[in-house]
Structures are given as structure tokens and as C-alpha cells.
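What follows is a single structure, written as C-alpha cells, with notes after it.
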Amino acid sequence: AQVLRKSLQRGVALSTGSFLIYEAHKLISGFAEVHASFKVEEVIEQADYLYGSGETEKLYRLLVQHKNSDDAELLWRLARASRDLAQLSSTSAEEKRKLAYEALECAKKALEKNESNFAAHKWYGICLSDVGDFEGIKTKIGNAIVIKEHFQRAVELNPKDATTIHLIGIWCYSFAEMPWYQRKIAATLFATPPTSTFQELFSCLCTADPNFYSKNLLFLGKTYLKLNNKKMALLWLSKAKEYPAHTEEDKQV
């Protein structure tokens with residue numbers, strides 16, 4: 001009886017100890033999860049500050065540490081940062097190519113993690129278009145419909161995002177202005193090749209806030225030129241010229 005009593009007491013003690021260890025593990029795990037979520041929010045906050053400040057290289061260095069993250073918000077921001085770094089004039093041609101593919105991979109992973117993230121669709125479309133610059137005109141035209149589908153999906157998820165509407169406009173511009181040899185390539189790739197008009201393009205550029213982005217101003221000017229309205233073209237091209245240059249792209253515009 002004494003042996004049995006001692007065994008039971010020992011069993012209860014062990015059970016209590018195991019229970020306490022289990023509860024402690026749950027508590028620590030919970031704290032770890034909360035800490036991780038706070039950390040993600042912190043990184044995003046820092047990233048958005050650096051992006052707004054035009055600190056492209058610092059932003060990339062911050063986000064590339066999280067390239068193995070499962071968070072779509074971090075991943076699409078890394079895709080954007082990789083692309084922005086590739087756009088810098090100081091980036092070598094070899095590095096530009098590497099960054100373009102890296103950006104596409106990050107955007108693709110962001111989509112896999114959250115298909116309902118509008119920014120992931122937007123940046124996947126942008127990065128897929130960039131990769132086409134390295135793989136030739138046939139690939140670029142072949143990817144065109146997929147790119148537009150992702151832009152349209154981004155607009156469905158966030159109808160107020162002016163950048164995506166602008167991007168659909170740029171897509172329209174590239175097909176409205178497509179030279180004959182590219183049309184011939186498109187005809188071999190698609191049963192019904194994608195087409196567009198300058199009127200459709202104009203509608204997209206005006207639906208987006210016209211003044212939100214230097215390139216939107218530039219393309220409004222170029223579109224007015226195509227529509228033979230030089231007075232309005234001069235107005236919008238002047239606005240593009242006077243736009244404060246915060247980024248490398250603004251300087252190019």
C-alpha cells in the first residue's frame with residue numbers, strides 16, 4: 001500500500017510538472033507569436049518610411065533580411081525594393097538582371113501566400129513585365145495578357161489604387177503604339193492578339209488621379225500628342241517636367 005501510495009504521489013507530481021511545462025510552453029509560444037507579429041509591423045513601418053524618403057538601398061538592405069518570410073506584405077515590398085534598386089543608374093547591368101528575377105520571385109511568393117493581396121498582384125505584373133526585357137520581345141508580348149490579368153485583379157481588390165489603373169493605361173499605350181513587326185509576333189502567339197486604343201489609354205490615365213505620379217503626367221502628355229492635341233500635350237508635359245524629382249524614375253521622366 002505504501003509503495004502504491006508513493007507511486008501515485010510521484011505520478012501526480014509528474015503529471016503536474018508536465019502540465020506546468022506544457023502551459024509554460026503555450027505561454028512562451030503565444031508571446032513568440034505576438035512578438036513576431038509586432039516585429040513584422042515594425043519592419044513594415046520602417047520600410048514604408050524608407051520608401052517615402054527615397055532611401056532605396058537602405059530599404060533593400062532592411063527587407064532582404066526577410067526574403068524567407070511567409071508574410072505577403074513583406075514579400076511584395078521586397079519585390080518593389082529589388083525593382084527600385086535595379087532602376088538606379090549606379091546598378092550594374094548584371095546586377096539589374098539578378099534583381100529583376102529576384103523581384104519576380106518575391107512577388108510570386110507573395111501571391112502564393114495571399115492571393116487576395118492587391119499589391120502582390122500589382123507587383124507580380126510589374127516584375128513579370130521587367131523580366132520580359134531580358135528574355136526578348138516574344139516573351140514580353142507572350143506575357144502581356146497574364147500581366148494585364150494581374151493588374152485587373154489588383155483593381156478588383158482595390159479599386160482606389162491609382163498606380164494599378166495607371167499601369168493598365170501603360171499596358172494600353174504599349175499595344176496602341178505597337179509597331180508592325182511586334183504585331184506580327186503577337187499574331188503568331190495569340191488567336192486574337194491583344195489590342196488597345198489611345199482613347200482607352202486616355203480613360204485609364206484620367207481615372208487615376210492625373211497628378212499622383214510623374215509618369216502619369218508624362219503619358220497624358222504623350223497621349224494628347226497621339227490624339228493631335230498639342231496644346232493639352234504641352235500642359236501635361238510641362239507638369240511632368242516641373243514634378244519634384246524624389247526618385248530615379250522621376251528624374252528619368
Side-chain angles (χ1 to χ4, degrees), residues 72 75-77 79-80 82-84 86-87 99-210 212-224 226-227 249 253:
L75 291 166
W76 74 253
R77 281 173 170 81
R80 181 181 66 182
S82 301
R83 182 183 187 270
D84 285 351
Q87 299 290 314
L99 287 165
Y101 283 93
E102 182 182 304
L104 179 62
E105 194 57 37
C106 290
K108 182 181 176 184
K109 191 177 172 186
L111 269 181
E112 288 168 358
K113 298 301 175 185
N114 186 358
E115 194 280 335
S116 297
N117 188 303
F118 89 93
H121 282 280
K122 175 170 71 177
W123 286 99
Y124 182 79
I126 293 169
C127 296
L128 187 60
S129 177
D130 286 346
V131 164
D133 293 336
F134 296 100
E135 297 189 356
I137 195 65
K138 191 172 180 179
T139 299
K140 198 166 183 72
I141 294 171
N143 287 337
I145 288 179
V146 176
I147 290 166
K148 191 177 184 183
E149 283 172 353
H150 281 283
F151 289 159
Q152 288 172 327
R153 178 66 177 138
V155 171
E156 283 173 20
L157 292 165
N158 185 359
K160 293 182 179 179
D161 184 56
T163 310
T164 313
I165 299 166
H166 162 84
L167 289 166
I168 294 173
I170 300 303
W171 187 97
C172 292
Y173 188 92
S174 64
F175 279 94
E177 201 189 38
M178 184 177 279
W180 67 268
Y181 70 91
Q182 290 185 12
R183 290 187 190 280
K184 201 165 183 179
I185 294 170
T188 64
L189 294 173
F190 303 105
T192 308
T195 58
S196 188
T197 64
F198 287 109
Q199 283 77 13
E200 184 183 359
L201 161 64
F202 181 74
S203 174
C204 286
L205 296 177
C206 288
T207 301
D209 171 13
F212 87 104
Y213 177 36
S214 59
K215 206 167 186 179
N216 203 64
L217 297 170
L218 172 66
F219 273 86
L220 266 169
K222 291 173 79 169
T223 303
Y224 271 117
K226 294 292 182 182
L227 297 171
E249 192 172 51
V253 165

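It should be emphasised that the depicted structure is a prediction, and the values quoted were computed from it without experimental measurement.
Expressed to the nearest 0.5 Å, how far CZ of F212 lies from CD1 of I165 amounts to 8.5 Å. Once rounded to the nearest 0.5 Å, the distance linking CG of N216 with OG1 of T163 reads 9.0 Å. Here the CD atom belonging to Q152 is positioned 10.0 Å from the CD1 atom belonging to I145, to the nearest 0.5 angstrom.
Not counting sequence neighbours, the partners of E102 by the side chain to side chain donor-acceptor pair (under 3.5 Å) test are Y60, S82. With sequence neighbours left out, H150 forms a ring pair (Phe, Tyr, Trp, His ring centres under 6.0 Å) with H121, Y124. With sequence neighbours excluded, the residues forming a side chain to side chain donor-acceptor pair (under 3.5 Å) with W76 are E73, listed by chain and number. Applying the side chain to side chain donor-acceptor pair (under 3.5 Å) rule to T223 yields no partners; only residues at least two apart in sequence or on another chain are considered. Y173 pairs by the ring pair (Phe, Tyr, Trp, His ring centres under 6.0 Å) definition with F198, F219, not counting sequence neighbours. In this view, S174 satisfies the side-chain contact (heavy atoms from CB on, under 4.5 Å) rule with no residue, not counting sequence neighbours. Taking the side chain to side chain donor-acceptor pair (under 3.5 Å) definition, one finds that K226 meets it with E177, sequence neighbours left out. Evaluation of the side-chain contact (heavy atoms from CB on, under 4.5 Å) rule for V253 yields S214, K215, L218, A240 as partners, not counting sequence neighbours. For A72, the side-chain contact (heavy atoms from CB on, under 4.5 Å) partners at least two apart in sequence or on another chain are A110, K113, N114, N117. Listed by chain and residue number, nothing satisfies the ring pair (Phe, Tyr, Trp, His ring centres under 6.0 Å) test with F151 (two or more places apart in sequence, or in another chain).
Smallest separation of non-hydrogen atoms from T164 and A154: CG2-CB, 3.6 Å.
Judged as a salt bridge (charged side-chain N to carboxylate O under 4.0 Å, His left out), the pairs with a partner in residues 114-125 (not counting sequence neighbours) are, in order, E115-R153, K122-D161.
At least one side-chain heavy atom of I137 sits less than 4.5 Å from a side-chain heavy atom of I185. Inter-residue side-chain proximity for F118 and K160 is flagged as unmet; no heavy-atom pair is nearer than 4.5 Å.
When atom types are taken as modelled, the side chain of W123 and the backbone of R77 share no donor-acceptor pair closer than 3.5 angstrom.
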Under 3.5 Å, which donor-acceptor pairs do the side chains of residues 125-133 form with other protein atoms, sequence neighbours left out?
| unit_1 | atom_1 | unit_2 | atom_2 | d |
| --- | --- | --- | --- | --- |
| S129 | OG | K140 | NZ | 3.1 |
| D130 | OD2 | R83 | NE | 2.5 |
| D133 | OD1 | K140 | NZ | 2.9 |

